[in-house]
Enquirer: 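Here it is, the structure, as structure tokens.
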Amino acid sequence: VQLQASGGGLVQAGDSLRLSCAASGHAFSSFTIGWFRRAPGKEREFVGYENWSRSMEYYADSVKGRFTISRDNAKNTVFLQMNSLKAEDTATYYCAATNRFWLSKMSYTRSTEYESWGQGTQVTVSS
């Protein structure tokens, strides 16, 4: 599956932003989609995921309660709704896909479990 992330931009602290991850290819509904981010000078970190059956969601503590993942399988698109943005959310955001349906809850937080990656979209939050 090929992924393309979009929706990034420059916002102020406290604002909201919704990122999109459009997928092309077969059987999109069978893929678990994860979101990761990389801030300048830092390593890539896990943000959240929703598994293929929508029965499982998990978020990093840093975004829990502020970020929400949803998906529209009919449009082959996954969304990352980001509310109450903070300056520390500034990063390049990436969506990724895996069809490893057998993984445990915490395994989906590892970037190495994802086979396909989008190109990234920049989010800048000014304080």
Side-chain angles (χ1 to χ4, degrees):
V1 63
Q2 290 80 44
L3 305 174
Q4 184 169 356
S6 62
L10 172 63
V11 297
Q12 293 185 336
D15 285 351
S16 298
L17 202 60
R18 189 176 78 161
L19 305 184
S20 298
C21 177
S24 59
H26 300 293
F28 171 74
S29 60
S30 67
F31 284 82
T32 290
I33 303 296
W35 286 92
F36 295 79
R37 67 186 182 186
R38 175 173 284 163
K42 296 186 177 181
E43 293 188 353
R44 181 170 53 193
E45 66 172 354
F46 167 77
V47 174
Y49 75 81
E50 181 181 77
N51 77 331
W52 65 276
S53 64
R54 305 189 190 184
S55 63
M56 196 159 54
E57 282 186 355
Y58 189 78
Y59 298 91
D61 288 343
S62 58
V63 306
K64 198 172 296 182
R66 299 188 298 122
F67 290 14
T68 304
I69 295 172
S70 62
R71 65 195 297 167
D72 185 338
N73 284 335
K75 296 182 178 180
N76 281 9
T77 303
V78 175
F79 304 98
L80 178 66
Q81 178 67 43
M82 305 185 295
N83 299 327
S84 302
L85 282 162
K86 305 176 182 180
E88 50 264 43
D89 294 319
T90 294
T92 301
Y93 284 72
Y94 300 88
C95 58
T98 179
N99 61 359
R100 299 174 183 175
F101 59 90
W102 59 88
L103 296 179
S104 65
K105 178 179 181 178
M106 295 308 295
S107 294
Y108 288 115
T109 68
R110 297 196 296 259
S111 62
T112 52
E113 299 292 355
Y114 293 82
E115 303 105 351
S116 302
W117 289 82
Q119 85 286 6
T121 185
Q122 178 67 37
V123 173
T124 303
V125 184
S126 63
S127 57

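Scope of the values below: all heavy atoms of this structure, side chains included, with no hydrogens, waters or symmetry mates.
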Enquirer: Would you find a donor on one side and an acceptor on the other, under 3.5 Å apart, between the side chain of R54 and the backbone of R71?
Expert: yes
Enquirer: Looking at OH of Y58 and CD1 of I69, how far apart are the two atoms once the value is rounded to the nearest 0.5 Å?
Expert: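 Nearest 0.5 Å value for the OH-CD1 distance: 12.5 Å.
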Enquirer: Return the OG to CG distance between S126 and L85, rounded to the nearest 0.5 Å.
Expert: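 Rounded to the nearest 0.5 Å, the OG-CG separation comes to 10.5 Å.
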Enquirer: Step through the shown structure and confirm whether more than 12 heavy atoms of other residues, nucleotides or ligands are within 6.0 Å of CD on Q4.
Expert: no
Enquirer: Identify the two heavy atoms, one from E113 and one from S107, that lie closest to each other, and give their separation to 0.1 Å.
Expert: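 E113 and S107 have their closest heavy atoms at CG-O, 3.3 Å.
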Enquirer: Check the orientation of F46 and F36. Use parallel for under 30°, tilted for 30 to 60°, and perpendicular for over 60°.
Expert: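 Because their plane-to-plane angle is over 60°, the rings of F46 and F36 count as perpendicular.
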Enquirer: Using modelled atom types and a 3.5 Å cut-off, is there a donor and acceptor pairing between side-chain atoms of T77 and backbone atoms of K75?
Expert: yes
Enquirer: Which pair of heavy atoms, one from L19 and one from G8, lies closest together, and at what distance?
Expert: CD2-N, 3.6 Å
Enquirer: So among D15, D61, D89, which one has a salt bridge (charged side-chain N to carboxylate O under 4.0 Å, His left out) with R66?
Expert: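 Of all the options given, the one that passes is D89.
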Enquirer: To check you understand the geometry: which heavy-atom pair defines the closest contact between V125 and T90, and what is its length?
Expert: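 Taking V125 first and T90 second, the nearest heavy atoms are N-OG1, 2.9 Å.
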Enquirer: Between atom CG of N83 and atom CZ of F67, what is the distance when rounded to the nearest 0.5 Å?
Expert: 8.5 Å
Enquirer: In Å and rounded to the nearest 0.5 Å, what is the CZ to OG distance from F79 to S70?
Expert: 6.0 Å
Enquirer: Can you find a pair of side-chain heavy atoms, one from R37 and one from L80, that are under 4.5 Å apart?
Expert: no
Enquirer: Does any non-hydrogen side-chain atom of L3 lie less than 4.5 Å from one of Y94?
Expert: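 Answer no - side chains too far apart.
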Enquirer: How far apart are the closest heavy atoms of A13 and S127, and which atoms are they?
Expert: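 The answer is CB-CA, 4.2 Å.
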Enquirer: Is the backbone of V1 close enough, under 3.5 Å, to the side chain of S116 for a donor and an acceptor to pair up by distance?
Expert: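 Yes, because the side chain of S116 sits within donor-acceptor range (under 3.5 Å) of the backbone of V1.
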Enquirer: Do other residues, nucleotides or ligands put more than 12 heavy atoms under 6.0 Å from the NZ atom of K64?
Expert: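 Counting neighbours around NZ of K64, more than 12 heavy atoms of other residues, nucleotides or ligands fall under 6.0 Å, so yes.
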Enquirer: Could you go through Q2 and S24, starting from their C-alpha distance and side-chain angles, then the distance that decides it, and tell me whether this counts as side-chain hydrogen bond (donor to acceptor under 3.5 Å, both in side chains)?
Expert: CA-CA 5 Å; Q2 290 80 44; S24 59; 3.3 Å; yes
Enquirer: Say you draw a straight line from CD of Q81 to OG1 of T68; how long is it, rounded to the nearest 0.5 Å?
Expert: 7.0 Å
Enquirer: Nearest 0.5 angstrom please: W35 CH2 to T121 OG1, how far?
Expert: 8.0 Å
Enquirer: When you measure from the centre of the six-membered ring of W117, is the NZ or CZ of R44 closer than 6.0 Å and no more than 45° off the axis?
Expert: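 Checked: cation-pi criterion met.
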Enquirer: I need the minimum non-hydrogen distance between G34 and Y49, along with the two atoms involved.
Expert: CA-CB, 3.8 Å
